[in-house]
Amino acid sequence: MPAKPKETPAGRNRRLVLAAVKALAPGEVAGYGEVARRAGLPGRARLVARILSAGDEPGLPWHRVLRSDGRIAFPPGSPGFDEQVQRLRAEGVRVEAGRVRGQRAAATLDQMLWAPPD
DNA sequence: ACTCTGACCAGCC
DNA sequence: GGGCTGGCCAGAG
(Lines give C-alpha, C1' and ligand atoms only; values in the text may rest on other atoms or scores of the structure.)
Protein backbone atom coordinates (compact mmCIF):
# COMPACT_ATOMS: atom_id res chain seq x y z
CA MET A 1 0.00 0.00 0.00
CA PRO A 2 1.09 3.50 -0.71
CA ALA A 3 2.10 5.93 1.92
CA LYS A 4 0.17 5.96 5.13
CA PRO A 5 -1.69 9.25 5.68
CA LYS A 6 0.24 10.24 8.79
CA GLU A 7 -2.27 11.67 11.20
CA THR A 8 -1.60 15.20 12.33
CA PRO A 9 -2.15 16.13 15.99
CA ALA A 10 -5.11 18.23 14.95
CA GLY A 11 -6.57 15.33 13.03
CA ARG A 12 -6.14 13.07 16.01
CA ASN A 13 -7.90 15.46 18.35
CA ARG A 14 -10.70 15.89 15.87
CA ARG A 15 -11.15 12.13 15.67
CA LEU A 16 -11.26 11.80 19.46
CA VAL A 17 -13.79 14.61 19.83
CA LEU A 18 -16.06 13.25 17.11
CA ALA A 19 -15.99 9.86 18.79
CA ALA A 20 -16.96 11.37 22.11
CA VAL A 21 -19.90 13.21 20.57
CA LYS A 22 -21.07 10.14 18.71
CA ALA A 23 -21.00 8.27 21.98
CA LEU A 24 -23.84 10.43 23.30
CA ALA A 25 -27.07 8.44 23.37
CA PRO A 26 -30.35 9.94 22.17
CA GLY A 27 -31.78 12.13 24.90
CA GLU A 28 -28.43 12.40 26.61
CA VAL A 29 -26.77 15.80 26.74
CA ALA A 30 -23.30 16.93 27.74
CA GLY A 31 -21.36 20.16 28.00
CA TYR A 32 -18.51 21.05 25.66
CA GLY A 33 -16.05 20.66 28.47
CA GLU A 34 -17.50 17.33 29.41
CA VAL A 35 -17.19 16.08 25.86
CA ALA A 36 -13.61 17.29 25.75
CA ARG A 37 -12.89 15.48 28.98
CA ARG A 38 -14.42 12.26 27.70
CA ALA A 39 -12.32 12.61 24.57
CA GLY A 40 -9.22 12.68 26.71
CA LEU A 41 -8.69 16.38 26.09
CA PRO A 42 -9.46 18.16 29.36
CA GLY A 43 -9.68 21.91 29.08
CA ARG A 44 -10.20 21.85 25.32
CA ALA A 45 -13.88 22.82 25.33
CA ARG A 46 -13.22 25.46 22.71
CA LEU A 47 -11.70 22.91 20.42
CA VAL A 48 -14.90 20.90 20.63
CA ALA A 49 -16.90 23.99 19.72
CA ARG A 50 -14.67 24.70 16.75
CA ILE A 51 -14.92 21.17 15.46
CA LEU A 52 -18.69 21.17 15.70
CA SER A 53 -18.87 24.53 13.96
CA ALA A 54 -17.04 23.01 11.01
CA GLY A 55 -20.17 20.97 10.39
CA ASP A 56 -18.48 18.00 8.73
CA GLU A 57 -19.21 14.43 9.72
CA PRO A 58 -22.80 13.72 8.69
CA GLY A 59 -25.04 12.21 11.31
CA LEU A 60 -23.09 13.70 14.18
CA PRO A 61 -25.45 14.40 17.10
CA TRP A 62 -24.07 17.90 17.67
CA HIS A 63 -27.37 19.02 19.16
CA ARG A 64 -26.67 16.98 22.29
CA VAL A 65 -23.79 19.26 23.19
CA LEU A 66 -24.60 22.25 25.38
CA ARG A 67 -22.76 24.83 27.40
CA SER A 68 -21.77 23.80 30.88
CA ASP A 69 -24.67 25.71 32.41
CA GLY A 70 -27.17 23.71 30.36
CA ARG A 71 -27.93 26.52 27.94
CA ILE A 72 -27.89 26.32 24.16
CA ALA A 73 -24.65 27.73 22.82
CA PHE A 74 -26.27 29.64 19.97
CA PRO A 75 -27.81 33.09 20.44
CA PRO A 76 -31.54 32.76 21.16
CA GLY A 77 -33.60 33.08 18.01
CA SER A 78 -30.79 32.16 15.65
CA PRO A 79 -31.36 29.36 13.13
CA GLY A 80 -28.93 27.08 14.91
CA PHE A 81 -30.65 27.72 18.20
CA ASP A 82 -34.08 26.82 16.88
CA GLU A 83 -32.87 23.72 15.16
CA GLN A 84 -31.05 22.48 18.22
CA VAL A 85 -34.10 23.00 20.41
CA GLN A 86 -36.24 21.13 17.92
CA ARG A 87 -33.86 18.22 17.69
CA LEU A 88 -33.56 17.95 21.44
CA ARG A 89 -37.31 18.03 21.96
CA ALA A 90 -37.67 15.38 19.30
CA GLU A 91 -35.59 13.16 21.56
CA GLY A 92 -37.71 13.89 24.58
CA VAL A 93 -35.36 16.42 26.16
CA ARG A 94 -37.13 19.17 28.02
CA VAL A 95 -36.02 22.60 26.89
CA GLU A 96 -37.28 25.84 28.39
CA ALA A 97 -36.10 29.30 27.46
CA GLY A 98 -33.01 27.96 25.80
CA ARG A 99 -32.15 25.94 28.85
CA VAL A 100 -32.11 22.17 29.03
CA ARG A 101 -33.69 20.60 32.04
CA GLY A 102 -32.82 17.00 31.37
CA GLN A 103 -31.57 15.43 34.56
CA ARG A 104 -28.09 14.91 33.25
CA ALA A 105 -27.67 18.37 31.79
CA ALA A 106 -25.08 19.21 34.41
CA ALA A 107 -27.44 21.25 36.51
CA THR A 108 -25.01 23.12 38.69
CA LEU A 109 -21.37 22.73 39.45
CA ASP A 110 -22.19 21.54 42.91
CA GLN A 111 -24.35 18.74 41.62
CA MET A 112 -21.84 17.94 38.95
CA LEU A 113 -19.08 17.50 41.46
CA TRP A 114 -21.06 15.93 44.25
CA ALA A 115 -23.77 14.07 42.42
CA PRO A 116 -24.00 10.49 43.64
CA PRO A 117 -23.35 7.79 41.06
CA ASP A 118 -26.71 6.41 39.92
C1' DA B 1 5.19 35.66 13.06
C1' DC B 2 1.39 38.40 14.89
C1' DT B 3 -3.33 39.84 16.02
C1' DC B 4 -8.30 38.73 16.31
C1' DT B 5 -11.85 35.87 17.06
C1' DG B 6 -14.53 32.21 18.80
C1' DA B 7 -21.31 26.70 19.02
C1' DC B 8 -16.22 27.38 25.92
C1' DC B 9 -14.98 26.91 31.15
C1' DA B 10 -13.94 27.59 35.99
C1' DG B 11 -12.78 30.57 39.69
C1' DC B 12 -13.95 34.89 42.20
C1' DC B 13 -16.50 38.66 43.68
C1' DG C 1 -28.72 34.42 39.66
C1' DG C 2 -24.81 38.07 37.10
C1' DG C 3 -20.26 40.16 35.69
C1' DC C 4 -15.06 39.92 35.09
C1' DT C 5 -10.71 37.53 34.38
C1' DG C 6 -7.51 34.37 32.67
C1' DG C 7 -6.83 30.15 30.30
C1' DC C 8 -7.40 27.29 26.19
C1' DC C 9 -5.82 26.83 20.96
C1' DA C 10 -6.86 26.52 15.97
C1' DG C 11 -8.13 29.25 11.75
C1' DA C 12 -8.30 33.52 9.17
C1' DG C 13 -6.38 37.85 7.59
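Naming: A, B, ... by sequence-line order, numbering from 1 per chain.
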message: By the 4.0 Å heavy-atom rule, please label A:G80 as base, sugar-phosphate, or nothing.
response: nothing
- Task: Determine the contact category for A:R64: base if any of its heavy atoms lies under 4.0 Å from a base atom, sugar-phosphate if only primed atoms, P, OP1 or OP2 are that close, otherwise nothing.
- Result: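 Nothing: the residue A:R64, judged by heavy atoms under 4.0 Å, touches no strand.
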Spacing of [X] atom [atom1] relative to [N] atom [atom2], expressed in whole Å:
| X | N | atom1 | atom2 | value |
| --- | --- | --- | --- | --- |
| A:R38 | B:dC9 | CZ | P | 14 Å |
| A:L52 | B:dG6 | CG | P | 17 Å |
| A:D82 | B:dA7 | CG | P | 17 Å |
| A:D69 | B:dG11 | CG | C1' | 15 Å |
| A:R37 | B:dC8 | CZ | P | 18 Å |
| A:W62 | B:dA7 | CH2 | P | 13 Å |
| A:I72 | B:dC8 | CD1 | C1' | 14 Å |
| A:L41 | B:dC8 | CG | C1' | 14 Å |

Applying side chain to side chain contact (heavy atoms under 4.5 Å, CB included) to A:A73 and not counting sequence neighbours gives A:Y32, A:R67
Requested in this report: Just jot down the side chain to side chain contact (heavy atoms under 4.5 Å, CB included) partners of A:R14, sequence neighbours excluded, or say none.
Outcome: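 Testing A:R14 for side chain to side chain contact (heavy atoms under 4.5 Å, CB included), a comparison that skips the adjacent residues, returns A:L18, A:I51, A:D56, A:E57.
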Among the nucleotides B:dA10, B:dA7, C:dG1, whichever has the atom closest to the side chain of A:R99 is C:dG1
key: Distance below 4.0 Å between A:S53 side-chain N/O and B:dG6 OP1 or OP2   =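 It does not, given that no N or O in the side chain of A:S53 lies less than 4.0 Å from OP1 or OP2 of B:dG6.
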Under-4.0 Å side-chain N/O to phosphate OP1/OP2 contact, A:S68 with B:dC8 |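 A:S68 to B:dC8 OP1/OP2: no side-chain N or O under 4.0 Å.
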Taken in chain and number order and not counting sequence neighbours, the residues that satisfy side-chain hydrogen bond (donor to acceptor under 3.5 Å, both in side chains) with A:R15 are A:E7
For A:R89, the side-chain hydrogen bond (donor to acceptor under 3.5 Å, both in side chains) test, sequence neighbours excluded, returns none
Side chain to side chain donor-acceptor pair (under 3.5 Å) pairs touching residues 42-54 of chain A, sequence neighbours excluded, are none
- prompt: Side chains of A:L41 and A:V48: does their closest heavy-atom pair fall under 4.5 Å?
  reply: no
request  = Could you tell me whether A:R87 and A:E91 make a salt bridge, using a distance below 4.0 angstrom between a side-chain N and a carboxylate O?
outcome  =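 The answer is no: the pair does not qualify as a salt bridge.
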At a cut-off of 3.5 Å, list every protein nitrogen or oxygen paired with a nitrogen or oxygen from nucleotides 10-13 of chain C, distance to 0.1 Å.
from   : atom 1 : to    : atom 2 : distance (Å)
C:dG11 : OP1    : A:R50 : NH2    : 3.2
C:dG11 : O5'    : A:R50 : NH2    : 3.4

